[in-house]
Structure formats: structure tokens, C-alpha cells
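Inspection log for the structure reproduced underneath, given as C-alpha cells.
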Amino acid sequence: MYGYLTVYGKPTERATVTTHRTEATGEQTLDRDNDRAIPETMRAITQDRYGRPEVLSLGTVEVPTPGAGEALIEVRASSVNIADWHLTTGTPAMVKAVTGLTRPKNPIPGADVAGVVAAVGPNVTDFAVGDNVFGDIGSGAWAEYTTAAASRIVKKPKGVSFEHAAAVPLAAITALQGLRDKGGVGAGQRVLINGASGGVGTFAVQIGKALGAHVTAVCSTGKVDQARSIGADHVIDYTGDDFVASERGYDVIFDNVGNRPWSETRRVLADGGINVTITGPKHGILGPFRNLLFRKALATVGDKRFTWFTAEVKADDLSLLADWLESGILKPVIERTYPLAQAPDALAYLGEGHAHGKLVISI
């Protein structure tokens, strides 16, 4: 589970902006001959209580206004992450201490955003009206407009669609920081990705290759070809083979599933190797954290390490991902695209645990 909070700015005077979309590329440019005002209201997915995706509904709310250091974005696309599930359901219970004890503080889900800057607040110098941007804003992206801290967005590469850009931020940042920063992955290392077919996993395979590693992907039978197509050097079909009984000596295990105990994963780590995870078995109020703390304690004995982490949005990392998108090093795997009204259906499908690649919301 990873970070997903944002704070909206206070209402200020509304700005005006004009955009023009070119049909061929979807890029946005200013149209100074036909000004139009930002509307007072917008369509958005909202929730007034915690619960399963059925608590989400499409409604009309006021368009937010950017505060200091923020930009107002006319949203073109978003995507669905497990963080959105936690925000909607309020699980594990401990997250409510941050997101709101009885109801979400920010009632509009959606961390990932891609769109057009419609207005900027005070102290924003890196972006201008009409810029095409993408990033991880924490929450609020499942709407026609949203505000974003300027530090959480970067300019979208030309030639990359809004849908592809929106699929990237939270999942790819998690994969990048887990492999590069926590795992220390470098050229020639042997890396295993457990859960290689989901949103984070598909990016982890590609980022592992971009960092120069030999990548083994673990997934189900129906997703073996997909794993190979995005660059995996070796694929283990977990329906027939068990990765903890497979080839030993991985320098890094990047675990998106957390379903195997430390006693098993440590056996296939090389001396000095590390198991980096973002989740684990979930129990009651603490969710996966009780189990993760137990594994961390066990790993204090010996030279094989265990850690987990929460991804942190950094502009430099977003810029690197933008460069990789533009060069073709990184290619989002998108399973399905949903209209805004069907965002609750997308979240319900993600919650079933069988999505492969990313689910995108087109707005």
C-alpha cells in the first residue's frame, strides 16, 4: 500500500483559459481567438462514506480553484490503483487516521492524472495555461477538473496519449523506487518480480530491464506471453511452478503479492540479497503491517535482507519516467479503458485481483 493524500487549495477568483485539441495527437494548444471561462461545476465521482465501490457515484460538484503552488488541471485521463481501493473502503482501519475517521476527507478518488493546465495559483512558475501534464496528485483525479501541487506533476511527452500517461505515475514510481532505491538494482543483477502482470508488476519488469538486470517474472498461465512481450528474460508460471523452489540466487525479489513467508523467500535470495515488498497478508486493523514487521524482525539474522516501503512522489522520478515513455523504454500495459461514469466498475474489477496491466479512466 502506498501514499495517496492531497490537499485542495482555498477558493480564489476563477481564471479563464482556452484550449484546442488536435484530433491527430490529442495534444492541447492555446486558442486565443475563442476564449471560454472555466465552468463553475463539473462531473466527478464522489463518496460520502467508506465502503465497497458501490458507495461511489457520479455527480455534479464545484470546480476546485488552485491555491498557492497549485495548478488547476482539466483532466483527460486517470487510472485505477490499489490505493484508490484503500481510500474508498477505508481498509485497513488504520488508514482512517490519515484519510478521515468517519468519511474520506477528500471525497473524490483518483491519484493518477493526465490533462491540460487550465489555471495556475500563486508561486507556480514551471507550468503555464495550456501545458499538457501528468503526475500523481494523491486524490481527486476522477473528475473533469482537479487541482495538483506543482511538485507532483511534470509535462507530458509529445506523442504519448493522455491515457498512456495517466497509466504511469503511481504504479511506475512504486516500481522504480522499489527496484532502484530500495533494491539497489543495477546492471547484471538477477531480479525476480513476484506479481509481474498487474499495474506495478508490468512496470517493474520493464524498469528492471532498463536498469540492466536479468529479470524473472512470476505470473499465471494466461499472462506468460504478456510478461515476455514486455522484456522478461525468464517467466515462471505459478500455476505449475513454485518460484521458491526454482533457480536460486536472486539479488533482489520485488514482491507485489506478499504471499510467501520470509523462511521461503530467503532461500532463493543470493548472499546479501534483499526482498523488497509493497504488501503482505492482511489482518484486521493493521492490515499487512503486522506481518511485515514480523518478517523484518526475522531478517535481522543473517546477511539476507527484507524491507517494505511507501512510494514518495518526486518530480525527478516523474521526469525520468517521462523520458522513458518518450523513448519507448517504458510502455504501459493497459487492459481496459472506462468512461468516467464507469469508474466504480473499474475499481470493483481491480478489487477482484485479476486485472493485468492498468485500468484507465478516460474523461
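Predicted model, so just to flag it, every value in this text is computed and none were measured.
Listed by first and then second residue, the side-chain hydrogen bond (donor to acceptor under 3.5 Å, both in side chains) pairs involving residues 319-333 amount to none (not counting sequence neighbours). Annotation: side-chain hydrogen bond (donor to acceptor under 3.5 Å, both in side chains) contacts involving residues 197-209, sequence neighbours excluded, comprise K209-D233.
One side chain, W142 or S78, offers a donor N or O that lies under 3.5 Å from an acceptor on the other. With no hydrogens or angles considered, no side-chain donor-acceptor pair links K182 and T307 at under 3.5 Å. Using modelled atom types, one finds a donor on one side chain and an acceptor on the other under 3.5 Å when comparing E335 with Y349. Side-chain contact, D112 with N81: a donor N or O sits under 3.5 Å from an acceptor N or O. For the 3.5 Å distance criterion, the side chains of N132 and K158 fail to qualify, holding no donor opposite an acceptor. No side-chain donor from either of Q189 and H214 sits under 3.5 Å from a side-chain acceptor of the other.
D317 has a carboxylate O that lies under 4.0 Å from a charged side-chain N of R180, or vice versa, which qualifies the two as a salt bridge.
Scored by the side-chain contact (heavy atoms from CB on, under 4.5 Å) test, T239 finds S220, T221, D237 as partners (sequence neighbours excluded). Residues passing the side-chain contact (heavy atoms from CB on, under 4.5 Å) test with E163 are A77, S161, V360, S362, sequence neighbours excluded. Not counting sequence neighbours, D126 has no partner by the side-chain contact (heavy atoms from CB on, under 4.5 Å) test. Residues passing the side-chain contact (heavy atoms from CB on, under 4.5 Å) test with A196 are I193, V205, A217, sequence neighbours excluded.
The minimum heavy-atom distance linking I153 with A148 is given by the pair CG2-CB, 3.9 Å. The shortest heavy-atom contact between V185 and A213 is CG1-CB, 3.7 Å. Scanning all heavy atoms of the two residues, the minimum distance from L72 to P64 falls at CD1-O, 3.3 Å. D251 and A270 make their closest contact through OD1-CB, 4.0 Å (heavy atoms, listed as atom of the first residue, atom of the second, distance).
Residues F203 and V235 do not share a hydrophobic cluster, clusters being chains of Ile/Leu/Val/Met/Phe/Trp/Tyr side chains in contact below 4.5 Å. V218 and V224 fall into different hydrophobic clusters, where Ile, Leu, Val, Met, Phe, Trp and Tyr residues are linked whenever their side-chain heavy atoms come under 4.5 Å apart, directly or through other members. Cluster annotation: L325 is not connected to I334 through the hydrophobic network of ILVMFWY side chains, with a link wherever side-chain heavy atoms come within less than 4.5 Å.
Between T174 and I278, the closest side-chain pair of non-hydrogen atoms falls below 4.5 Å.
The environment of CZ in R267 is crowded: more than 12 heavy-atom neighbours from other residues, nucleotides or ligands sit within 6.0 Å.
With respect to R260, the side-chain hydrogen bond (donor to acceptor under 3.5 Å, both in side chains) criterion is satisfied by exactly one of N275, N194, T265, D242: D242.
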**Request:** Go through R266 and E264 one step at a time and tell me if the salt bridge (charged side-chain N to carboxylate O under 4.0 Å, His left out) criterion holds.
**Result:** CA-CA 6 Å; R266 71 179 305 277; E264 294 182 352; over 6 Å; no
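Taking the ring axis of Y50 as reference, the NZ or CZ atom of R103 does not stay both within 45° of it and closer than 6.0 Å to the ring centre.
Using a distance-only test at 3.5 Å, with no hydrogens or angles considered, a donor-acceptor pair links the side chain of K358 to the main chain of V80.
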